[in-house]
Amino acid sequence: MSEDSPGLQTRCGYVALVGRPNVGKSTLLNHLLGMKLSITSRKPQTTRRNLLGVDTRGEVQAIYVDTPGIHRAGSRQLNRLMVKHATSILTDVDLVLVLLEHHRLTDEDEIVLEHVAQAGVPALAILNKVDLLSDKSRLLPAMQRLGERKLFAEIIPLSALQKDGVDLLRERVAHYLPKQSHQFPDDQVTDASERYLVSEIIREKLMRRLGDELPHRVAVVVEAFQAEPHLVTIRAEIFVEKDGQKSIVIGEKGHMLKSIGQDARMDIEALLNAKVMLHLWVKVRQGWTNDNRLLRRFGMDDTGPDRS
Ligand code: GDP
Ligand code: MG
């Protein structure tokens with residue numbers, strides 16, 4: 001993407017994290033950033049990229065781009081947009097980290113590999129979750145098979161969860177970043193706004209609990225964000241497509257929504273370093289996954305997530 005500037009000692013570049021859902025992209029990003037994904041700059045920058053995590057260590061600045069995953073293109077508008085976001089990133093970075101799950105490749109992984117091959121960017125294969133592999137001798141033949149595809153500059157096994165191999169990965173990443181000056185101030189960790197991060201935390205909790213029942217059919221919008229010195233009051237709306245989905249999210253006697261709210265609140269408190277009062281509302285908007293106007297409002301149109 002960018003040319004080396006000779007003479008400069010600093011390195012800086014963009015690194016995309018791709019892989020099918022659940023392979024461990026967000027976990028790896030958090031550990032690469034040292035779990036410090038909090039905001040030092042309150043001023044959001046306009047960008048069409050996905051969530052950025054900036055890791056600056058001395059001379060080296062790696063700007064990580066987490067993606068919502070490359071999915072098989074579906075007929076629905078939302079699916080198409082997700083595919084577009086994830087794949088357009090690949091042609092616009094200096095390095096791609098492709099996350100795979102230790103020795104096993106699924107059909108979804110194969111789709112990811114296809115996209116990476118088409119993009120023609122330097123790519124490292126990350127074989128994640130090796131801690132789950134009781135027989136480590138299965139790793140070597142898997143690495144060999146992957147190597148035969150001639151798609152990856154390096155193949156690195158690691159455990160994002162146990163932080164095993166993460167420092168080594170960071171070192172390897174640095175070699176692929178062009179020599180140029182840093183693009184972000186050294187203490188800035190992300191370009192996303194607090195509102196956006198909060199809505200992503202709530203969406204993550206929803207997906208974690210109800211992902212099987214609500215595949216991608218849910219959007220979260222932070223409607224109000226009121227910060228006082230010791231308390232942040234947040235009101236967020238959860239949009240689903242059908243009455244039935246609304247009942248699922250709310251759960252019997254409201255238990256599901258309550259526990260999603262509690263999980264989300266704890267993460268948000270850690271993020272904002274403040275006590276948080278979180279009010280969640282569930283609303284039905286029929287057909288929002290096919291409605292461009294609503295998608296725009298939910299930050300899922302062609303210009304990427306809304307960071308305002
Ligand atoms: P993403 O959808 O690719 O962003 O995946 P996440 O980072 O959200 O991780 C999905 C699940 O896999 C979570 O439950 C993680 O705790 C788990 N996970 C991620 N990395 C590892 C790992 O190295 N080992 C194990 N055992 N679990 C992991
Ligand atoms: Mg993720």
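Counting starts at 1 for both ligands and their atoms, following the listed order. Predicted model, so just to flag it, every value in this text is computed and none were measured.
Atoms of ligand 1 lying under 4.0 Å from any heavy atom of Leu132, numbered from 1 in the order shown and given with element: 26 (N). Close approach of ligand 1 to Lys25 (heavy-atom distance below 4.0 Å) involves ligand atoms 1 (P), 2 (O), 3 (O), 4 (O), 5 (O), 7 (O).
Other residues, nucleotides and ligands place more than 12 heavy atoms under 6.0 Å from the CD atom of Glu110. The environment of Lys258 atom NZ is sparse: at most 12 non-hydrogen atoms of other residues, nucleotides or ligands sit within 6.0 angstrom.
Considering backbone and side-chain N/O atoms, Ala160 comes within less than 3.5 Å of an N/O atom of ligand 1. Annotation: Val23 places an N or O atom under 3.5 Å from an N or O atom of ligand 1; distance criterion only.
With sequence neighbours excluded, the residues that form a salt bridge (Lys or Arg N to Asp or Glu O under 4.0 Å) with Glu269 are Arg265, Lys275.
Around atom 16 (O) of ligand 1, the closest heavy atom drawn from Leu161, Val130, Asn30, Val166 belongs to Leu161. Nearest-heavy-atom check against atom 9 (O) of ligand 1 across Thr27, Leu127, Leu99 picks out Thr27. Of the options Gln162, Arg208, Met207, the smallest heavy-atom separation from atom 8 (O) of ligand 1 is shown by Arg208.
Side-chain atoms of Gln180 do not come within 3.5 Å of backbone N or O of Thr10 as any donor-acceptor pair. No side-chain donor-acceptor contact under 3.5 Å links Lys163 to the backbone of Ala160. Judged purely by atom type and a 3.5 angstrom limit, Gln245 uses its side chain to pair as donor or acceptor with the backbone of Lys242.
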